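These notes are about the structure you will find just below.
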2 protein chains.
Amino acid sequence: MPFNNPYSSNCPTRKVLDRVGDKWAVLVLGLLGSGDTPIRFNQLRRAIEGISQKMLSQTLKSLERDGLVSRNAIATVPVTVEYAITALGKTLVTTLDALRVWAETHMEEVMASQQRYDANATSGQ
Amino acid sequence: MPFNNPYSSNCPTRKVLDRVGDKWAVLVLGLLGSGDTPIRFNQLRRAIEGISQKMLSQTLKSLERDGLVSRNAIATVPVTVEYAITALGKTLVTTLDALRVWAETHMEEVMASQQRYDANATSGQ
DNA sequence: CAGAATCCAGCTCGATACTG
DNA sequence: CAGTATCGAGCTGGATTCTG
């Protein structure tokens, strides 16, 4: 039984899927994972179009909590905070890549199916 | 640039991640993918603990629309409807399995990180 | 610069009731 | 059996304001 556990808050797979289902978390992870240099808060903010400051800080906090991202505060004035992906985070990004490949490979097939479905639904009424 | 596209509704990877972030969709897919025999609506309902009939029908509809699941209505009285995973759906389940393996492999490490994080946050106050 | 706190609009989802 | 329709509570996340 592959994906089980009912309400599943304590199912590890579900936790990862929740993380991965979170748009901002994936974008942050992808950005930090694409280079090896740390990125500052407002740099991330500018790089990820559409993210609010609240969501960015919230996302970074939970990614740090999970050990996927590391935070480094430098005592300049004003303070500088750098975020970087961890070794653990990199392994997740790698795994996520398999999903990206699936998406790109099968997108056309999915879209074709959707169009068939929608065409039938419309004509059926 | 791995995971891009800002609001990304038309990013294929994001669509897949949304699907995968949907708890019920993954459970339905996992259940249908674990065997080769089709499953009826109320069978699924009973098998997936906690799912409401609204969410099940909604989930099945969108999975069918994407071509991940097939629907077969049999004209008995009352009507019987069977759902099965498609070939496309199977490839997604397989890919999802990589994520499950990641979760199971790294769960301990993630949980350890969370405990360190929470301990610091508490003592810090 | 890097956040925390507050407020609220909007969407999700469960519960409930009804249908072919 | 296999759904659809409707209503409302609750959570999510954006906008705004403020701080060390």
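Numbered from 1 within each chain, the chains take letters A, B, ... in sequence-line order. Remember, it's a predicted structure, so these values are computed and weren't measured experimentally.
Rounded to whole angstrom, the span from the CG atom of B:Leu27 across to the P atom of C:dC13 amounts to 13 Å. Distance A:Arg45 CZ to D:dG14 P: 11 Å, rounded to the nearest Å. Atom P of nucleotide C:dT12 and atom CH2 of B:Trp24 are separated by 16 Å, given to the nearest angstrom. For A:Lys23 and D:dT12, the NZ to C1' distance is 12 Å, given to the nearest whole Å. At whole-Å resolution of the value, CG in A:Leu56 and C1' in C:dC1 are 13 Å apart. Distance, B:Ile51 CD1 to D:dG3 P: 13 Å, rounded to whole Å. One atom, CG of B:Leu44, and another, P of D:dC1, lie 13 Å apart when rounded to the nearest Å.
Classification of A:Arg100 and A:Asp97 as a salt-bridged pair holds, one side-chain N sitting under 4.0 Å from a carboxylate O. Using a cutoff of 4.0 Å between basic side-chain nitrogens and carboxylate oxygens, B:Arg65 and A:Asp118 are scored as salt-bridged. A salt bridge does not link B:Asp18 with B:Lys15: every distance from a Lys NZ or Arg NE/NH1/NH2 to an Asp or Glu carboxylate oxygen is 4.0 Å or more.
Legend: residues meeting salt bridge (Lys or Arg N to Asp or Glu O under 4.0 Å) with A:Lys54, ordered by chain and number and at least two apart, are absent.
When the local axes at the two ends of the helix from C:dC1-D:dG20 to C:dG20-D:dC1 are compared, using 5 base pairs at each end, they differ in direction by 40° after rounding to 10°.
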Would you tabulate the pairs of protein nitrogen or oxygen atoms and nucleotide nitrogen or oxygen atoms of nucleotides 2-5 of chain C closer than 3.5 angstrom?
from	atom 1	to	atom 2	distance (Å)
C:dA2	OP1	A:Val81	N	3.3
C:dA2	OP1	A:Val81	O	3.4
C:dA2	OP2	A:Asn42	N	2.9
C:dA2	OP2	A:Asn42	ND2	3.3
C:dG3	OP1	A:Arg71	NH1	2.3
C:dG3	OP2	A:Tyr83	OH	2.5
C:dG3	N7	A:Gln53	NE2	3.3
C:dA4	OP2	A:Lys61	NZ	3.1
C:dA4	N7	A:Gln53	NE2	3.2
C:dA4	N6	A:Gln53	OE1	3.0

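Summarising the geometry of B:Ser113 relative to A:Glu64, their closest heavy-atom pair is OG-O, 3.8 Å, with the distance given to 0.1 Å.
Annotation: of the two residues near DNA chain C, B:Pro78 and B:Asp22, the 5′-most nearest-nucleotide partner is B:Asp22.
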